[in-house]
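Following: one structure in structure tokens, then a few remarks.
Every value quoted in this text rests on a predicted model; they were computed, and no experiment measured them.
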Amino acid sequence: MIRHGETDWNRDKRYCGLTDVCLNKRGIEQAEELCQKLGREKIDRIYSSDLKRTREFARIVFKDRRVETIPELREMDFGVFEGLRHEEIMKRYSEIYKKWLNDPLNTLIPEGDILIDFKKRIEEAVERIVSLNKGKALAIVTHAGPIKVIMSNITKSENIWGINPELGSFRRCLYE
């Protein structure tokens, strides 16, 4: 599991779901650093979300290797929260934001996703990828939200917010 590198929106602590932003200079450096770390790893297939920040990150990390884009690996749609910082959301949408933070599985973000549907989308995409690649080493380049879903499933944890993958990081995991 690989989280893309930094974007200007990450740096500014803005909610970034489906907005198609590019990596910034630091994000490109993170990709180059990860390329060095993973240089000797045997990876049979590489998958990525279809958003720019993940595709660009995968291209730098894996150089000339083929990367298959999967739209279902996209980040959650943050609806009216998209592009806003925590403080801005608290001013404009405090009631729904507090409800979403306390009960994310059952709270719809206006004009966005409900977490239960997002979770299902990610789980189905990963199940499909894994079933097509039994016994193979895979790299999945995606976003914090999908990684949180996948890792909470692997660890059988209900606390999706407790998993915080760093930008430009990778986690080894065995998915069965």
Side-chain angles (χ1 to χ4, degrees), residues 1-24 26-27 30 47-58 69-131 139-176:
M1 303 303 317
I2 299 171
R3 183 174 180 199
H4 65 79
E6 185 181 86
T7 69
D8 288 345
W9 280 33
N10 297 127
R11 183 199 58 223
D12 296 343
K13 299 187 183 333
R14 295 183 180 281
Y15 274 79
C16 186
L18 300 184
T19 302
D20 209 6
V21 298
C22 294
L23 297 173
N24 63 17
R26 178 66 189 129
Q30 290 168 323
Y47 294 89
S48 172
S49 156
D50 65 342
L51 295 177
K52 287 178 194 171
R53 57 195 182 270
T54 53
R55 288 191 338 250
E56 183 179 11
F57 196 81
T69 56
I70 309 284
E72 291 83 3
L73 293 173
R74 285 180 178 182
E75 182 60 275
M76 183 172 173
D77 181 349
F78 291 111
V80 296
F81 300 168
E82 188 78 8
L84 301 178
R85 294 182 183 101
H86 169 80
E87 312 80 48
E88 295 169 314
I89 297 170
M90 285 303 291
K91 284 181 185 173
R92 296 184 199 178
Y93 307 104
S94 64
E95 194 172 309
I96 192 73
Y97 190 51
K98 287 176 188 173
K99 186 176 176 188
W100 181 69
L101 290 174
N102 290 322
D103 188 15
L105 288 176
N106 299 304
T107 304
L108 173 67
I109 299 172
E111 301 174 29
D113 283 336
I114 190 165
L115 189 58
I116 195 83
D117 293 339
F118 168 70
K119 192 173 183 304
K120 183 178 177 187
R121 170 171 53 88
I122 298 302
E123 289 167 348
E124 288 174 355
V126 171
E127 289 293 328
R128 189 173 65 251
I129 290 167
V130 169
S131 71
I140 297 176
V141 183
T142 190
H143 313 270
I147 293 172
K148 288 172 184 251
V149 167
I150 295 163
M151 294 305 295
S152 68
N153 285 347
I154 290 170
T155 61
K156 311 251 187 287
S157 172
E158 296 291 318
N159 182 12
I160 194 169
W161 302 135
I163 299 165
N164 294 304
E166 291 183 32
L167 290 160
S169 68
F170 77 99
R171 291 179 180 221
R172 291 182 203 279
C173 52
L174 181 62
Y175 196 91
E176 300 182 73

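- Atom CD of Glu88 is surrounded by more than 12 heavy atoms from other residues, nucleotides or ligands within 6.0 Å.
- With hydrogens and angles ignored, the 3.5 Å screen pairs no side-chain donor or acceptor of Arg53 with any backbone N or O of His143.
- Listed here is the closest heavy atom pair of Thr19 and Cys16: O-SG, 3.7 Å.
- The two atoms that bring Glu72 and Arg128 nearest to each other are OE1-NH2, 3.5 Å, heavy atoms only.
- A distance of 13.0 Å separates NZ of Lys120 from CD1 of Ile122, quoted to the nearest 0.5 Å.
- Here the closest non-hydrogen pair linking Met1 and Cys173 is CG-SG, 3.5 Å.
- We find the CG-CG distance between Leu108 and Leu115 to be 11.0 Å, quoted to the nearest 0.5 Å.
- For the pair Glu82 and Trp9, the minimum side-chain heavy-atom distance is below 4.5 Å.
- Side-chain atoms of Ser131 come within 3.5 Å of backbone atoms of Glu127 as a donor-acceptor pair (strictly under, hydrogens ignored).
- Looking at heavy atoms from C-beta onward, Thr54 lies out of side-chain contact with Leu73 at the 4.5 angstrom threshold.
- For Asp12, there are no side-chain hydrogen bond (donor to acceptor under 3.5 Å, both in side chains) partners two or more places apart in sequence or in a different chain.
- Interatomic distance, CD of Gln30 versus CG of Leu167, reported as 5.5 Å (0.5 Å rounding).
- Lys13 places no side-chain N or O within 3.5 Å of a backbone atom of Arg85 that could act as its donor or acceptor partner.
- Remark: side-chain polar atoms of Asn10 are not paired, donor with acceptor, to backbone N or O of Glu6 under 3.5 angstrom.
- Looking at every heavy atom in both residues, Val141 comes nearest to Ala58 through CG2-CB, 3.9 Å.
- Distance CD/Glu124 to NZ/Lys119: 11.5 Å, rounded to 0.5 Å.
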For this session: Please step through ring-ring contact (aromatic ring centres under 6.0 Å, His included) for the pair Tyr93 and Trp100, ending with a clear verdict.
Result: CA-CA 10 Å; Tyr93 307 104; Trp100 181 69; over 10 Å; no

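- Across Ile114 and Asn106, no two heavy atoms sit closer than the pair CD1-C, 3.8 Å.
- Put simply, the side chain of Ser49 gets close to the backbone of Leu51: a donor and an acceptor are under 3.5 Å apart.
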For this session: List the steps, then state whether side chain to side chain contact (heavy atoms under 4.5 Å, CB included) holds for Thr142 with Glu75.
Result: CA-CA 8 Å; Thr142 190; Glu75 182 60 275; over 6 Å; no

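- In this structure, the side chains of Arg92 and Tyr97 stay at 4.5 Å or more apart for every pair of heavy atoms.
- A donor-acceptor contact shorter than 3.5 Å links the side chain of Asp113 to the backbone of Asp77.
- Smallest separation of non-hydrogen atoms from Pro165 and Ala144: CG-CA, 4.0 Å.
- Between Ile2 atom CD1 and Arg171 atom CZ the span is 12.5 Å, to the nearest 0.5 Å.
- Looking only at distances, no side-chain donor or acceptor of Thr107 sits under 3.5 Å from a matching main-chain atom of Pro104.
- Residues Ile109 and Ile96 have side chains not in contact (no heavy-atom distance under 4.5 Å, counting atoms from C-beta outward).
- Rounded to the nearest 0.5 Å, atoms NZ (Lys52) and CG (Leu23) are 11.0 Å apart.
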